[in-house]
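These notes are about the structure you will find just below.
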There are 2 protein chains.
Amino acid sequence: MRQRQNAELRKPEILRNFLEILVEEGIEGASIGKVAKRMGIHPSLIMHYFSTKETLIIEAVDHIVHEYGVLIDRMKPRTADPARRLRRLLDTLVGDEWHRVSEIAADFSVISISFRNPEVDRRIRRLYSLYKRFLSGELRALMDAGLIERRDPARRAELLMSMLEGYRHFKHFFVSERSAKSFRSDMKRAILRLLGTGGD
Amino acid sequence: MRQRQNAELRKPEILRNFLEILVEEGIEGASIGKVAKRMGIHPSLIMHYFSTKETLIIEAVDHIVHEYGVLIDRMKPRTADPARRLRRLLDTLVGDEWHRVSEIAADFSVISISFRNPEVDRRIRRLYSLYKRFLSGELRALMDAGLIERRDPARRAELLMSMLEGYRHFKHFFVSERSAKSFRSDMKRAILRLLGTGGD
DNA sequence: TCGCTTATTAACTGTATATTCAGTTAACAG
DNA sequence: CTGTTAACTGAATATACAGTTAATAAGCGA
């Protein structure tokens, strides 16, 4: 019996290690045995905290989803000035911070799991709903301020999310081929055009 | 020895069954044993044709990539009339056919694999290159015809691909919530706006 | 110090995994 | 009919897997 810790410390530590393996080896390579070996503990200790692998996966997904939730929350505007809000929104959405939170490899694993795991699917959908609600609200405010074209905010939000998801996906495959910077500014301009700002 | 077939028949049959399981259970659930059981053959027969699981995976990926390649090829215009070409291109890109070729669940699995398998990664990148080259060419032609705004065709192609990838991703999560039809027409209009057509 | 809770390990189970190898059977060419 | 090739099977490999149960040991309050 090496180190003795309590659940408050051990559980997140297990979760962290599981997520690391998920990134490195994908869901097909993420096993309880590997997590235990990496941590230098007995596999059954993991079973002690998470009674089944399924719950370990769910809690890992919850962790990722929660991090994105926090990020969305942090995006909430601190200023009333619409022009600054728009700029800040854009900078955040196509900024690096957003993409640093969670490894894209982990996200793909999670989505991959969601195809067969209804619980995981529900969580992703809930996150997207939150995201959409936030963006719709922001767009509506920008429309009211006359900064972007007045259209159905929810539908515009869906298009915007679609674009951002594609951006994220593509950045992974093209960031090395060409400077990520110019792709980012291209994307920003494309978003502004989609939203219908006066200029450009 | 039940049925005796030759490699030309057996190999693709194994591949087909493997892909089916990949869609149903993901890469984490796709095993040689399951494929064998589903086909009513012995696991070692699969090893006989594909000496390792790795090559089975690679050949499965090749199959999917090839199908997309064919699709891109089929998109090549049959008419010289630029307006019709633009319409046809749009219809194909956001059309159902494109998304029916391969199950999106399989695609996610493939991308998921690509994070750890350089061979698979290479194949995806090659496909994207082909796709980009095709789209760049088409956009250039449309620019020459004065139908869309004149800009760097390659960069516009990247933005377009990004948008389409996001569309594809999102359609899966939102198609039930709202009519896919209106989302599709929204997307079409967004693309036209991105490309910069005269009206809207 | 006693006793309780809980963290932790040890020793398992049964099943699934990919892969190997040696052998068998069918088809077919000479 | 014979020999060769290729399709196919069966059994066995070692390893990894998730999960169970029972035994220890540490910490802590009484």
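Atoms considered below: every heavy atom in the structure, side chains included; atoms not considered: hydrogens, waters and symmetry mates. In this text, all values refer to a predicted model and were calculated from it rather than measured experimentally.
- For Asp186(A) and Arg156(B), the salt-bridge test fails: no basic side-chain N is under 4.0 Å from an acidic carboxylate O.
- Regarding Leu45(A), its CG atom lies at a distance of 18 Å from the P atom of dT24(D), rounded to whole Å.
- Within residues 17-25 of chain A, no residue has any heavy atom closer than 4.0 Å to DNA chain D.
- Taking 4.0 angstrom as the limit, Arg10(B) places a side-chain polar atom (N or O) nearer than this to OP1 or OP2 of dC8(D).
- Comment: Arg38(B) engages Glu20(B) in a salt bridge, judged by a side-chain N to carboxylate O separation of less than 4.0 angstrom.
- Taking side-chain N and O atoms only, Tyr49(A) has no distance below 4.0 Å to OP1 or OP2 of dT6(C).
- The nearest whole Å value for the distance from the NE2 atom in His42(B) to the P atom in dC21(C) is 16 Å.
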Side chain to side chain donor-acceptor pair (under 3.5 Å) assessment of Tyr167(A) paired with Glu158(B): CA-CA 9 Å; Tyr167(A) 166 66; Glu158(B) 282 180 9; over 6 Å; no

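- A straight line from NZ of Lys11(B) to C1' of dA6(D) spans 14 Å, rounded to a whole angstrom.
- Under the 6.0 Å cut-off for aromatic ring centres, Phe108(B) and His169(B) qualify, their centroids lying closer than that.
- As rounded to whole Å, 11 Å separates atom C1' of dA7(D) from atom CD1 of Ile14(B).
- For the pair Lys11(B) and Phe50(B), the cation-pi test (distance below 6.0 Å, angle within 45°) is passed.
- Pro77(B) pairs by the side chain to side chain contact (heavy atoms under 4.5 Å, CB included) definition with Arg85(B), Glu138(B), not counting sequence neighbours.
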Nucleic acid footprint by protein, nucleotides 14-20 of chain D - heavy-atom cut-off 4.0 Å, B for base, S for sugar-phosphate alone: ---SSSB

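- Under the 6.0 Å cut-off for aromatic ring centres, Tyr131(B) and Tyr68(B) do not qualify, their centroids lying 6.0 Å or more apart.
- Using a 4.0 Å cut-off between a side-chain N of Lys or Arg and a carboxylate O of Asp or Glu, Arg87(B) and Asp91(B) do not qualify as a salt bridge.
- Between Glu13(A) atom CD and dA7(C) atom P there is a gap of 13 Å when expressed in whole angstrom units.
- Checked against Arg116(B) for a salt bridge (Lys or Arg N to Asp or Glu O under 4.0 Å), the options Glu24(A), Glu28(A), Glu25(A) give a single hit: Glu28(A).
- At dA7(D), one or more side-chain N or O atoms of His48(B) fall inside 4.0 Å of OP1 or OP2 (strictly under the cut-off).
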